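Positions are given from 1 along the sequence. Not measured: the values here are computed from a predicted model.
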Amino acid sequence: PRGPAEAALQAALAVHLLLTGPPVTRGLGLARTALATGTLDSISVNLTLFAMVGADALDEAEAEVNRVLSQAQRGSDVSGHAEASMIRAVLLYRRGRINDAAADAEAAVRGRARGWNAMDPLPAAILGLCLLELGETDRAHAQLSDAAGQLPGTHLCGTDRKSVVEGKR
């Protein structure tokens, strides 16, 4: 990339390629290149990390997201911290580290309460999945209901979500 704008476009394209079909690694090279520029804003960095997690570059993504979280904490960047926490929650959930994923998802949900909502409803959804894995069905239901409520007109095919969470359907 020739500058910050082009690097940000590469980050967005990396996520687009991840979301539009296999192979998920199509955008990984773009994500790595964009990240290597060091010119990305926090939103673009987090888009790049999201693409890396989706492409299973988990070790690389975890090292970078830990760096981003450390910077966000030092600089009191509430939205950057919430977004990076959400990305790390997804990463840790994929690794099976459910307690750690739940803690990061809760941090992201708290960030939403402070005005960050760039990736709604993902924070509440990942927290709900973590709580379900941990056997906390009532809290899981509340989070999954919150996530569903953030997407107008969505439902689980007319099925009561609490029944699904409790394993009754």
Side-chain angles (χ1 to χ4, degrees), residues 8 11-22 24 27-28 31 40-58 61-62 64-66 68-69 71-73 76-169:
L13 182 57
V15 172
H16 171 75
L17 291 172
L18 166 72
L19 297 174
T20 56
V24 294
L28 186 55
L40 297 176
D41 61 17
S42 66
I43 292 171
S44 298
V45 167
N46 287 323
L47 283 174
T48 301
L49 292 173
F50 187 72
M52 293 170 80
V53 169
D56 287 328
L58 299 182
E62 187 169 8
E64 186 63 23
V65 77
N66 287 338
V68 168
L69 280 166
Q71 280 185 330
Q73 287 171 330
S76 300
D77 180 0
V78 173
S79 63
H81 186 269
E83 195 162 304
S85 292
M86 188 273 309
I87 292 166
R88 189 168 67 179
V90 172
L91 184 151
L92 294 172
Y93 183 84
R94 291 191 62 199
R95 287 187 180 239
R97 292 174 49 195
I98 306 302
N99 287 316
D100 294 333
D104 276 343
E106 285 183 302
V109 167
R110 282 192 306 274
R112 181 175 179 263
R114 293 158 83 185
W116 172 79
N117 60 0
M119 291 190 159
D120 279 347
L122 191 53
I126 194 69
L127 180 55
L129 292 175
C130 290
L131 293 170
L132 185 60
E133 295 270 346
L134 296 170
E136 297 185 39
T137 57
D138 288 337
R139 285 186 65 208
H141 174 254
Q143 289 301 318
L144 293 171
S145 293
D146 182 46
Q150 295 171 38
L151 295 174
T154 61
H155 55 79
L156 291 176
C157 303
T159 304
D160 174 86
R161 285 185 299 278
K162 188 168 185 183
S163 295
V164 171
V165 168
E166 292 173 345
K168 295 178 182 172
R169 292 196 183 198

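A142 is linked by a side chain to side chain contact (heavy atoms under 4.5 Å, CB included) to nothing, counting only residues two or more places apart in sequence or in another chain. Residues meeting the side chain to side chain contact (heavy atoms under 4.5 Å, CB included) test with A31, sequence neighbours left out: A14, T48, A51, M52. Applying the side chain to side chain contact (heavy atoms under 4.5 Å, CB included) criterion to A124, with sequence neighbours excluded, gives Q143, D146, A147, Q150. Shown here are the salt bridge (charged side-chain N to carboxylate O under 4.0 Å, His left out) partners of D100, two or more places apart in sequence or in another chain: R97. Judged as a side chain to side chain contact (heavy atoms under 4.5 Å, CB included), and not counting sequence neighbours, the contacts of R110 are E106, A107.
A 4.5 Å side-chain heavy-atom check between L91 and I87 finds every atom pair outside the cut-off. Using a 4.5 Å heavy-atom threshold, the side chains of H141 and T137 count as separate. Residues L69 and H81 form a side-chain contact, since some pair of their non-hydrogen atoms from C-beta on lies under 4.5 Å apart. Between N66 and R88, the closest side-chain pair of non-hydrogen atoms falls below 4.5 Å. In this structure the side chain of Y93 never reaches within 4.5 angstrom of the side chain of D104, judged on heavy atoms.
In terms of heavy-atom proximity, A84 sits nearest to V68 at CB-CG1, 3.8 Å. Of all non-hydrogen atoms in A140 and G128, the two that sit nearest each other are CB-O, 3.5 Å. In terms of heavy atoms, A108 sits closest to A82 at CB-O, 3.5 Å. The shortest non-hydrogen separation linking A105 to A89 is N-CB, 3.6 Å. Heavy-atom minimum distance, V15 versus F50: CG1-CD2, 4.3 Å. The minimum heavy-atom distance between L18 and A55, with the atom names listed, is CD1-N, 4.1 Å.
A distance of 10.5 Å separates CG in N99 from CD in E133, rounded to the nearest 0.5 Å. In this structure, the separation between CD on E83 and CG on L47 is 6.5 Å, given to the nearest 0.5 Å. The distance from atom CG of L132 to atom CG of L127, rounded to the nearest 0.5 Å, is 11.0 Å. Between the CG atom in L144 and the CG atom in L129 there is a gap of 6.0 Å [rounded to 0.5 Å].
A donor-acceptor pair is defined here as one N or O able to donate and one able to accept, closer than 3.5 Å; such a pair exists between the side chain of R94 and the backbone of V53.
In this structure, I43 places its CD1 atom where only 12 or fewer heavy-atom neighbours from other residues, nucleotides or ligands lie under 6.0 Å away.
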